[in-house]
Amino acid sequence: MNIRTVAIIGAGVMGSDTALDIACYGYNVILKDLNTEILKEAEERIKQSFRMIKMMKKELCELKQEDVLPHIVFQTDYKGFENVDIVIENIVEVWESKKAEYKRLKEVCKPETLFAVNTSCISITKIGSLLPDTSKVIGTHFMNPVPMKKMVEVIRGFHTSQDTEDRITDFLKSLGKNPVVVNDCPGFVSNRLSHLFMNEAAFLVQDQVASPSQIDMIFKQGFGHKMGPLETADLIGLDTVVNSLNILYESFQDNKFRCCPLLKKMVDAGLLGKKSGKGFYDYK
C-alpha cells in the first residue's frame, strides 16, 4: 500500500501542526473537526506556523505557502475517508469520546486503513479493541511542536502487526522523523515520566516551596532541559494534563499519579495554559 492520503481527527494545536508537517512532505491531508470555527482557527494557525518553520527547517526553505496549503482539506464530515490510507486520531483524552469516534471510523474507512493513535496515556490495545482488525492499530505519539520535533514515540499494541509497524515507521521517516518503538502501557514512556514531573512541580507550587519560574529554571539550567515541567504543562494544556493523570491513576491504581489539587483548581477556573492565555504563566 502506497501512502498518499492521511486523515487527521482533531484540529487543535497538535492536529493542525501535524497536518502542516505532513503536507510539507507532499502528502494529501484531510483535517477534520466538529465545527467550521475550529477549522478556521486551524487554517490561520497553519499559515502562521508555516512562516516560522520555513525559517527553522533548511529542507523546507524553498517551499511556498501555495505549495503546501492546497494539500490540506478542512472539513467537518467524513467525505473521502473511504480512500484514506492512515487515520491519525487526535481527539480529547476521554474514553467515551474515543469509543464514539472509532465506531464511526470503522464504518467509513476501508479495511486496509492504518490507525495511528496520537494519544497521551490511553492504552493502544484498549483502543484497538474498538476496531475489527486490531493488527492495524498503533500509537504515534508526536511531540509538541510537531514540525520541530524529530522524535515520535511509536507504541505497539498487543495485536499490532509487524507490517503495520513497518509501514508507520517508514511513513514517519519520510517526514524526517526518528520513530522510537516501545510496547504498550498506559502513558508509554514519555508521559509516564513527564506527567510525574509536571504533577510534582504543581505540588511544589501548591506547597509554596518555589515559584513556577524557579522550578522551571532548575530544570533548564540544572538538568539541561529545553523547557521546565510547568512550561510544558502550560503548552500541553492543564486540562489535558489532568485528564492524563486521571487515566494513569485509574490504570495503575498508584498514588504517585494522584492529581495535584492545584491543577484541578486551575482547570476549574479556566486557567488552561497557553491556549487560554493564562496558566502557571501569563500569555496575554
Side-chain angles (χ1 to χ4, degrees), residues 9-15 17 33-34 38 41 89-101 117-124 126-127 139 141-145 153 155 185-220 223 225-284:
I9 312 292
V13 173
M14 288 295 289
D17 272 3
D33 212 303
L34 296 173
I38 294 172
E41 291 175 7
E89 179 269 302
N90 193 60
I91 68 172
V92 292
E93 294 288 280
V94 177
W95 177 244
E96 291 305 317
S97 299
K98 300 277 191 194
K99 281 176 66 176
E101 184 61 44
V117 187
N118 188 23
T119 183
S120 296
C121 290
I122 296 176
S123 162
I124 302 305
K126 187 175 181 179
I127 290 173
H141 185 210
F142 291 88
M143 303 294 151
N144 195 354
E153 188 179 26
I155 306 101
C185 179
F188 325 123
V189 173
S190 59
N191 280 342
R192 190 168 165 183
L193 289 171
S194 65
H195 280 65
L196 286 173
F197 284 134
M198 290 184 278
N199 198 39
E200 196 60 33
F203 272 113
L204 287 167
V205 175
Q206 178 180 278
D207 296 344
Q208 299 182 353
V209 175
S211 68
S213 61
Q214 289 174 321
I215 293 166
D216 286 338
M217 187 183 298
I218 288 169
F219 263 74
K220 289 186 288 187
F223 301 135
H225 292 204
K226 289 185 178 179
M227 293 182 71
L230 298 175
E231 290 172 317
T232 303
D234 272 0
L235 179 64
I236 294 169
L238 301 192
D239 52 341
T240 301
V241 173
V242 168
N243 284 339
S244 296
L245 284 167
N246 288 339
I247 291 165
L248 289 166
Y249 181 79
E250 181 184 344
S251 299
F252 291 106
Q253 294 292 297
D254 191 327
N255 278 334
K256 70 184 179 184
F257 295 113
R258 180 177 64 87
C259 184
C260 175
L262 175 61
L263 283 172
K264 293 181 180 178
K265 185 176 182 180
M266 291 175 73
V267 170
D268 289 341
L271 307 180
L272 307 182
K274 202 166 186 179
K275 63 185 174 184
S276 70
K278 188 171 178 60
F280 286 101
Y281 297 93
D282 196 335
Y283 300 94
K284 294 178 181 177

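Position 1 is the first residue of the sequence; numbering continues from there.
Summarising the local packing, CZ of Phe197 is surrounded by 12 or fewer heavy atoms from other residues, nucleotides or ligands at distances under 6.0 Å. Other residues, nucleotides and ligands place more than 12 heavy atoms under 6.0 Å from the CD atom of Gln206.
The side-chain hydrogen bond (donor to acceptor under 3.5 Å, both in side chains) check on Asn243 picks up nothing, with sequence neighbours excluded. For Phe188, there are no ring pair (Phe, Tyr, Trp, His ring centres under 6.0 Å) partners at least two apart in sequence or on another chain. For Ile91, the side-chain contact (heavy atoms from CB on, under 4.5 Å) partners at least two apart in sequence or on another chain are Ile9, Glu89, Ser97, Lys98, Glu101. A search for side-chain contact (heavy atoms from CB on, under 4.5 Å) contacts involving Ala210 returns Gln214, Ile215, not counting sequence neighbours. The side-chain hydrogen bond (donor to acceptor under 3.5 Å, both in side chains) search around Thr240 returns none, not counting sequence neighbours. In this structure, the side-chain contact (heavy atoms from CB on, under 4.5 Å) partners of Glu200, at least two apart in sequence or on a different chain, are Phe203. Considering only residues two or more places apart in sequence or on other chains, Asp33 meets the side-chain contact (heavy atoms from CB on, under 4.5 Å) condition with Ala11, Ile38, Leu39. By the side-chain hydrogen bond (donor to acceptor under 3.5 Å, both in side chains) test, Ser123 pairs with Asp184, sequence neighbours left out. Applying the side-chain hydrogen bond (donor to acceptor under 3.5 Å, both in side chains) rule to Asn90 yields the partners Asn118; only residues at least two apart in sequence or on another chain are considered.
The NE2 atom of His195 lies 5.0 Å from the SG atom of Cys121; values are rounded to the nearest 0.5 Å. Once rounded to the nearest 0.5 Å, the distance linking CD1 of Ile124 with CD1 of Ile155 reads 5.0 Å. Here Arg192 contributes atom CZ and Leu248 contributes atom CG; the two are 8.5 Å apart, rounded to the nearest 0.5 Å. In this structure, CE on Met217 lies 15.5 Å from NE2 on His225, to the nearest 0.5 angstrom.
For the salt bridge (charged side-chain N to carboxylate O under 4.0 Å, His left out) condition, the pairs that include at least one residue of residues 270-284, sequence neighbours left out, are Asp239-Lys275.
With a 4.5 Å cut-off on side-chain heavy atoms, Ser194 and Asn191 count as touching.
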Under 3.5 Å, side-chain donor or acceptor atoms of residues 227-237 against the rest of the protein: list the pairs with distances, not counting sequence neighbours.
{"unit_1": "Glu231", "atom_1": "OE1", "unit_2": "Lys220", "atom_2": "NZ", "d": "3.3"}
{"unit_1": "Glu231", "atom_1": "OE1", "unit_2": "Gly228", "atom_2": "N", "d": "2.8"}
{"unit_1": "Glu231", "atom_1": "OE2", "unit_2": "Lys220", "atom_2": "NZ", "d": "3.0"}
{"unit_1": "Thr232", "atom_1": "OG1", "unit_2": "Gly228", "atom_2": "O", "d": "2.8"}
{"unit_1": "Asp234", "atom_1": "OD1", "unit_2": "Phe280", "atom_2": "N", "d": "3.1"}
{"unit_1": "Asp234", "atom_1": "OD2", "unit_2": "Phe280", "atom_2": "N", "d": "3.1"}
{"unit_1": "Asp234", "atom_1": "OD2", "unit_2": "Tyr281", "atom_2": "N", "d": "3.0"}
{"unit_1": "Asp234", "atom_1": "OD2", "unit_2": "Tyr283", "atom_2": "OH", "d": "2.8"}

Pairs under 3.5 angstrom only: tabulate donor-acceptor contacts from the side chains of residues 255-273 to other protein residues two or more places apart or in another chain.
none

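The backbone N or O of Val205 sits nowhere less than 3.5 Å from a side-chain atom of Gln208 that would complete a donor-acceptor pair.
The heavy-atom pair separating Glu153 from Ser190 by the smallest distance is OE1-OG, 2.5 Å. Taking each heavy atom of Phe252 and Cys185 in turn, the nearest pair found is CZ-SG, 3.6 Å. Taking all atoms of both residues into account, the shortest heavy-atom contact from Gly279 to Leu238 is CA-CD1, 4.5 Å.
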